[in-house]
Structure formats: structure tokens, C-alpha cells
Amino acid sequence: MSTYDLHEGTVTTILIRGARILGGAPSDILLRDGVVADIGDLAGVRADQTVDADGLIALPGLVDLHTHLREPGREDAETVETGTQAAARGGYTAVHAMANTSPVADTAGVVEQVWRLGQEYGHCDVQPVGAVTSGLGGSQLAELGAMADSAARVRVFSDDGKCVSDAVLMRRALEYVKAFDGVVAQHAQEPRLTEGAQLNEGEVSARLGLIGWPAVAEEAIIARDCLLAAHVGSRLHVCHVSTAGSVEIIRWAKSKGWDVTAEVTPHHLLLTDSCAERSPLGPYNPIYKVNPPLRTAEDVRALREALADGTIDCVATDHAPHPVEDKETEWAAAAMGMIGLETALSVVQEAMVETGLLDWAGVADRMSARPAAIGRLAGHGRPVEPGAPGNLTLFDPSVRQPVDPAAMASKSRNTPYEGLTLPGRVVATFLRGRPTVLEGKLV
Ligand SMILES: [Zn+2]
């Protein structure tokens, strides 16, 4: 590797040697002036810097539709800076920052602030999500139009963390976002059916004596919202689908030709509610407490199949950082959520690639092209080909290593994979032709 100082701005061309694009035959990739300039056998080409990608897979830069960056308001858990560093380390070139900050991202002012911070740090693009209701209060629509027209150009609106449970408000939001090609991303959780809920309602919750979180609380809202979206001819995105029944409803809505998309988190593709009972970390460990809850092995199987057949469009991390004191407490008092940006690709390799359900082209589609399309991010999710923006990830699928929370860039440590051995490692990430990560380290 050359010794050019990347911060001096001297490097304008980078030659990536021998990368397997989407797992195909080795090929060289030339990045120049922010774009993919050439692909093929480029042995005679001179560049400012050369990156040896022997054995590495090249994917388009990953795009996350669902990240909690916590800034403004909970900078003790994560900041735009640390969250985007974690994203870059995970192979991401763009993340959608959820609106449940303090203050809530429900005005043009707040979304522009978050968007600008992302630009300033430059580790990865930050696309703010706007709140659907004012203050996430669930009673009055937020300034959706002003956020759409702002410098942040918001297209995804969500009260994530809370469900827009009022059917009239949900209908109005779906109608409103049509004016600017927006989408309402619903956190599907019927509030009355989940009062005090702690863990998936089933055998495990019964044995542990934890208040159950029934699948129907998610499925009822998804069914209602699919019908509403169809009724007003708008676009619905379903956040973190977690049950086999939800998959059936989304499959039905898509068969009708309705404009419904859905995401699944890495943890719902790998972990089950039995983790709360039996895990290397012991029973009742709140590291496994998450919203929606971990479900059964049968649900995991249905989610994997749905992601493989396209019923579920994409993987979204729901990266939810929490400080130690909010997680290391008794189960009922602990905060819900897990971090996920730095392990997402490895978990997807484990759950989807090693099981033969997806190849690397499929991974690129579900983790880059589809989420970019749903979020209307024109500069992301493009195939790695000449003329495309130089957003890409180099990944080594051949290594297996234990997950080490202490080595993560995120400010929080609440990963459920601690000590677990997962495949794959992000070696490099490029944002518009500039490396944000090289040799696994932040640039
Ligand atoms: Zn959510």
C-alpha cells in the first residue's frame, strides 16, 4: 500500500487490484474523481494509490434504511460522528438516521442539522428520516412538506420507536407524502396489545414469567397499513418485520400489486427468543431485549425465506445504541435495542449466504440497491460499473472471528454477538472514490 497521506488531498485515483465484483472473477477497479472510472484488467494503469483486493469481494456501498444515531440529545449513547464511523466500518456508505432524537427530527431545522453533521464528518452519507407526528406524539402530523423541501430532502418518514397507531393520522400521512414521492416507514406495534410486553409471547416468555409480546400486535398493524396504503394509492414501508404471519400479509399485499416494501434486521435473521433463556451470557440477559422482540426459530426460517424470495426487500440494521447503565440492569427495566452496523454483513453472510439462500449479488441487492431505491437515494445502490459513484465495500468472506465489542467504533457496546464467531470482515469502504476504511481501520 502506498504512503500517500489521504488527508492531504493528494490522492485522486485509486486502483483496486483483483477484487471479485459480487463474488465473480477477479477484476481491477479504478476510482477516479469520485466515480468508478474503469473496470477490467488494468495492469498498465498508474494510480496515486493501489489497494490489493486479492480474495476480496467488492459490493456496492451498503445502505441502511434504519439507524439510530442518537444525536441530538443522547450523545452519551452515540453521535453522528461515532455512528457514521461504525457504519463505515460495517461497509456502509449511507444510513438513514431515525427521527426519535431529542429534540425529535420533526422540523426542517433538526433534519438539516443532522444532515449537515453527516456531511461534515464525511464517514458516510446521513439521510435524516423525518418524524410522522409532531414530537412523536401520535396526535398531529409533523411538518412533512417542510422537511421534504429542506436541504436534507427527506423522503422517508417514521415515528420509529413508536407506532403511528391512529388510523386516521396514518391515512393522512400516506396521502401527504405522495406529493413528494415520500414513504411512510411504520414501526408496527399495536400499543394496547403490547402494554408492558417484554418478550415474544410463547413458551419461552411463559417459562421466564415475562409479559408476552404477541405476533398479532405487529401483524394487525401491518395488515391495516397495507389496506390503507392501497386505499389512498401511496407507498408504505414496514420496519423490522419479525413474524412469519407478517411475511404472509406482505406477500399478499405485494401479490395485489400494492406499493409495500419491508425490511428485516440482521438479529431477527439469526437469533431467537430462546436466547433470553439459554445463552453463553446466561438467562434474562437484557442484551437480547429488543423491539420488536426476538421470535421463534419458525419465524426466523420464514424471514430468511422471505428475504431470499424478495417478499422482504432489504436488510436494515435498526442499530440502536444504549449506554451500559441502560442495558446492564434487570430485564424489565432495561432499554430495548441492539447495535448492528458493524456486524450486519457478517450476520447476513452467516444467515443467508452460508445457508445458500442468497449469493453475493443477492446480498448487494438486499443491502444496497433495494434500500437505496426505497429511500430514493440516487447516488447510492448503483451497480459497480464505469460511471457509477465510487461507493463500494471490499469484504473478506474467508475469515471467521469472534465478535469483540471493545474493538467497535460505536460509542455503545450493546451487541448481542459478543463472543460469537461470525464469518467475514469488511476490509475497505469507499465513499465517492475516497476511502473511509482501509485494512479494517477508519481512515
Ligand atoms: Zn422500530
Side-chain angles (χ1 to χ4, degrees), residues 64-70 73-74 77-78 83 95-102 104-106 127-133 135-138 142 156-166 169-170 173 183-191 193-195 197-200 213-222 224-225 236-243 246-247 249-250 260-269 271 273 286 288-295 299 303 312-322 326-327 334-341 344 371 374-375 412 414 416:
D64 194 15
L65 268 176
H66 194 143
T67 305
H68 296 276
L69 292 177
R70 302 296 189 219
R74 285 306 301 266
E78 195 80 284
V95 298
H96 287 75
M98 276 299 171
N100 63 338
T101 48
S102 179
V104 170
D106 58 1
Q127 177 57 54
V129 172
V132 174
T133 68
L136 305 182
V156 182
F157 296 87
S158 181
D159 273 5
D160 183 65
K162 289 186 174 168
C163 181
V164 181
S165 60
D166 183 317
L169 264 183
M170 186 62 183
V183 61
V184 180
Q186 176 71 293
H187 170 117
Q189 180 190 353
E190 211 292 317
L193 286 170
T194 51
E195 273 173 23
Q198 297 291 326
L199 186 67
N200 177 53
W213 190 310
V216 65
E218 174 174 313
E219 294 156 5
I221 293 289
I222 295 176
R224 181 203 75 177
D225 288 353
L236 170 73
H237 178 72
V238 184
C239 295
H240 42 50
V241 171
S242 74
T243 79
S246 298
V247 166
I249 294 162
I250 292 160
V260 174
T261 56
E263 69 189 33
V264 62
T265 71
H267 46 272
H268 287 110
L269 290 171
L271 306 176
D273 59 354
Y288 302 111
K289 185 175 175 182
V290 65
N291 179 353
L294 300 174
R295 304 286 188 181
D299 294 305
L303 294 169
I312 293 178
D313 299 78
C314 63
V315 174
T317 66
D318 195 6
H319 176 83
H322 290 290
D326 290 354
K327 283 302 267 188
M336 291 182 279
M338 308 167 162
I339 56 172
L341 285 167
I374 293 165
S412 290
N414 53 308

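All residue numbers in this chain count up from 1 along the given sequence. Order of listing sets the numbers, starting from 1, for every ligand and every atom in it. Values in this document were obtained by computation on a predicted structure and should not be read as measured data.
One distance of note links CZ of R70 with NE2 of H319; it measures 8.0 Å at 0.5 Å rounding. Remark: H66 NE2 to L341 CG distance equals 11.0 Å, nearest 0.5 Å. The NE2 atom of H96 sits 5.0 Å away from atom CG of L65, with the distance rounded to the nearest 0.5 Å.
With waters neither drawn nor counted, the protein N/O/S atoms under 2.8 Å from the Zn ion (ligand 1) amount to 3.
Among all heavy-atom pairs drawn from H240 and D160, the shortest one is NE2-OD1, 3.2 Å.
Looking at K289 and H322, their side chains never come closer than 4.5 Å, going by heavy atoms from C-beta outward. Using a 4.5 Å cut-off on side-chain heavy atoms (C-beta onward), H68 and D318 make contact.
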